[in-house]
Structure formats: C-alpha cells, structure tokens
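Notes follow the structure.
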Amino acid sequence: MPEVRLVGPNGEQVGIVPIAKALDLARESDLDLVEVAPTARPPVAKLMDYGKFKYESAMKAREARKNQAHTIIKEIKLRPKIDPHDYETKKGHVVRFLQAGDKVKVTIMFRGREQSRPELGFRLLQRLADDVEELGFVESRPKQDGRNMIMVIGPHKKKAEAKAEAKAERADRAQRSETEHGSETEQDS
C-alpha cells in the first residue's frame, strides 16, 4: 500500500501514513492534500488550503516584481563641434541620468567632412567620460557605427539604491519645508 510522509497545516510532522488515511484527514479538516516532494522516499505531502497558497505566492511574486528596478538606457546625441555651453547642458543631462541609476548611451553624429575626423568625436567622448567619472564608468568603449560614434556609460550605483536615495531626499525636503511653514504660522499669530 503506497504511503506518504504527511506534514500538517502548520508545518508539524504527522508521520508516515497510507495515502487513503492522508486523504481522509484532508477531507475532515477541509484542506487539500498537496504533494510537495515527489522524489523523496516516501513522497512528502502537506495538508494546506491550495487556493490560498496559490494566491499568496502570486502576491509575493507581484510584490517582488514591483520592487524590481528596471534598467533604462537613456540616449544623448552630440555633434563633434559642440558649443561649450551646449556641452555643459548635455553633460548635466548625463549626470542626472547617472544619478538616477540609468545607463547613458552617448551618440556623436558626424555629417559630411566631419566623418573624416573621427578623433574629434573620440576626444569629446573621452572628455565626457572623464567629467562624469565619479558617477559612472565606461561600459562600452567609443566605437564607430557608420556616421555615428557610440559609447555607453553605466552608473556606479544600482537603480534601486538611487531610487531609495531620491525617496529619502524628498522626505527630508518635505519635512524641512513643513518645519519652515510651521514656524511662519507661529510668527503670524
């Protein structure tokens, strides 16, 4: 007669029992008999509410997905003969993206005779990488791709860390503004 090692609804060991008895116990307690380790000798079965178990595991999976950080690749496009002020603006965008934990794909677009001077683009990409060195690292070195030169910069900190820092900073800012507004209302009265 086939037997199973039975585990109770609260994780307690019931012992090795015939399958028929295990099914009777499940019916009596209005629970399901679920095989949890079929390869064990004898197989292990547990008394549980299977619908509730499925629901809870789906909720855990959903929560895990919600907390998972998605890596996004942001793209910045430059020209080899970029104005210094425009360069600073674009660098500011790259800094912001890296601080948010996103990767940045920097593309330099060459037009006409600029294509014969790829070293201009290479130097510009190198300068940008040096300027944002404390926030990110060069993930893929500059490479020529037709009329464009592409480089990818990855952030030093993970997306989840950046999100947590931003959230803490917002909470801190909100608390400070609350205390400032609180002191103003006291002075008014």
Side-chain angles (χ1 to χ4, degrees), residues 1-76 93-107 125 128-129 132-143 145 148 150-179 181-182:
M1 179 179 252
E3 295 179 325
V4 292
R5 182 177 301 275
L6 189 61
V7 179
N10 299 321
E12 71 276 1
Q13 295 288 328
V14 176
I16 298 173
V17 295
I19 290 179
K21 185 174 181 206
L23 286 168
D24 288 340
L25 285 170
R27 259 185 243 110
E28 284 172 19
S29 54
D30 198 28
L31 293 171
D32 302 307
L33 183 67
V34 181
E35 190 176 40
V36 290
T39 55
R41 289 283 159 244
V44 179
K46 184 174 182 179
L47 294 172
M48 67 168 72
D49 183 346
Y50 191 65
K52 182 179 174 185
F53 170 75
K54 291 281 284 182
Y55 173 77
E56 286 173 353
S57 61
M59 286 293 109
K60 282 181 190 168
R62 187 170 159 198
E63 192 65 30
R65 274 196 308 276
K66 191 173 90 175
N67 293 333
Q68 194 175 43
H70 301 286
T71 304
I72 299 170
I73 297 184
K74 303 283 191 171
E75 185 172 13
I76 292 286
H93 294 317
V94 172
V95 166
R96 191 177 73 227
F97 295 149
L98 290 173
Q99 283 175 337
D102 295 319
K103 290 182 180 183
V104 183
K105 176 180 174 184
V106 185
T107 305
L125 288 175
L128 182 63
V132 297
E133 191 172 27
E134 70 279 354
L135 296 171
F137 61 97
V138 176
E139 206 167 271
S140 80
R141 307 244 24 105
K143 58 179 172 270
D145 179 27
N148 300 331
I150 299 167
M151 173 177 80
V152 178
I153 302 174
H156 285 310
K157 59 183 170 189
K158 300 272 184 275
K159 182 81 171 176
E161 293 171 25
K163 270 185 166 178
E165 278 182 22
K167 190 175 182 180
E169 197 174 300
R170 276 196 305 272
D172 188 43
R173 215 175 309 131
Q175 189 177 13
R176 271 188 299 198
S177 71
E178 238 177 63
T179 54
H181 291 301

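Just so we're clear, the structure is a prediction, and the values are computed from it rather than from any experiment.
Separation of atoms CG (Leu6) and CD1 (Ile16) is listed at 10.5 Å; rounding is to 0.5 Å. To the nearest 0.5 Å, the span separating CD1 on Ile150 from NZ on Lys105 amounts to 4.5 Å.
Minimum interatomic distance between Leu125 and Met151 (heavy atoms only, all atoms of both residues): O-CE, 3.4 Å. Listed here is the closest heavy atom pair of Pro9 and Lys46: O-CE, 4.2 Å. Across all their heavy atoms, Ala22 and Val4 have their closest contact at CB-CG2, 4.1 Å. Taking both residues in full, the closest heavy atoms of Tyr50 and Val34 are given as CD1-CG2, 3.7 Å, listed atom of the first, atom of the second, then distance. A pairwise comparison of heavy atoms in Pro43 and Glu35 identifies CB-OE2, 3.6 Å as the closest pair. Heavy atoms only, all atoms of each residue included: Lys54 and Ser57 are closest at O-OG, 3.0 Å.
No donor-acceptor distance shorter than 3.5 angstrom exists from the side chain of Asp102 to the backbone of Lys74, with no hydrogens or angles considered. A donor-acceptor contact shorter than 3.5 Å links the side chain of His156 to the backbone of Glu133.
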Problem set entry | Worked check of side-chain contact (heavy atoms from CB on, under 4.5 Å) between Arg5 and Val44 | CA-CA 5 Å; Arg5 182 177 301 275; Val44 179; 4.3 Å; yes
Exercise. Does the side-chain contact (heavy atoms from CB on, under 4.5 Å) test come out yes or no for Leu47 and Leu33, once each step is laid out?
Worked result: CA-CA 5 Å; Leu47 294 172; Leu33 183 67; 3.9 Å; yes
Exercise. Given the rule in the side-chain contact (heavy atoms from CB on, under 4.5 Å) test, do Val106 and Leu128 qualify, once you have shown the distances and angles that lead to the verdict?
Worked result: CA-CA 9 Å; Val106 185; Leu128 182 63; 3.7 Å; yes
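Gln13 CD: more than 12 foreign heavy atoms inside a 6.0 Å radius. With a 6.0 Å radius and a threshold of 12 heavy atoms from other residues, nucleotides or ligands, Phe137 has its CZ atom above the threshold. Within a 6.0 Å sphere centred on CG of Asp30, other residues, nucleotides and ligands contribute 12 heavy atoms or fewer.
Under a 4.0 Å N-O distance rule, the pair Asp24/Lys21 does not qualify as a salt bridge. Ion pairing between a basic and an acidic side chain is recognised when a charged N comes within 4.0 Å of a carboxylate O; Glu169 and Arg173 show such pairing.
Just one of Ile153, Thr107, Val104 meets the side-chain contact (heavy atoms from CB on, under 4.5 Å) condition when paired with Ile76; it is Val104.
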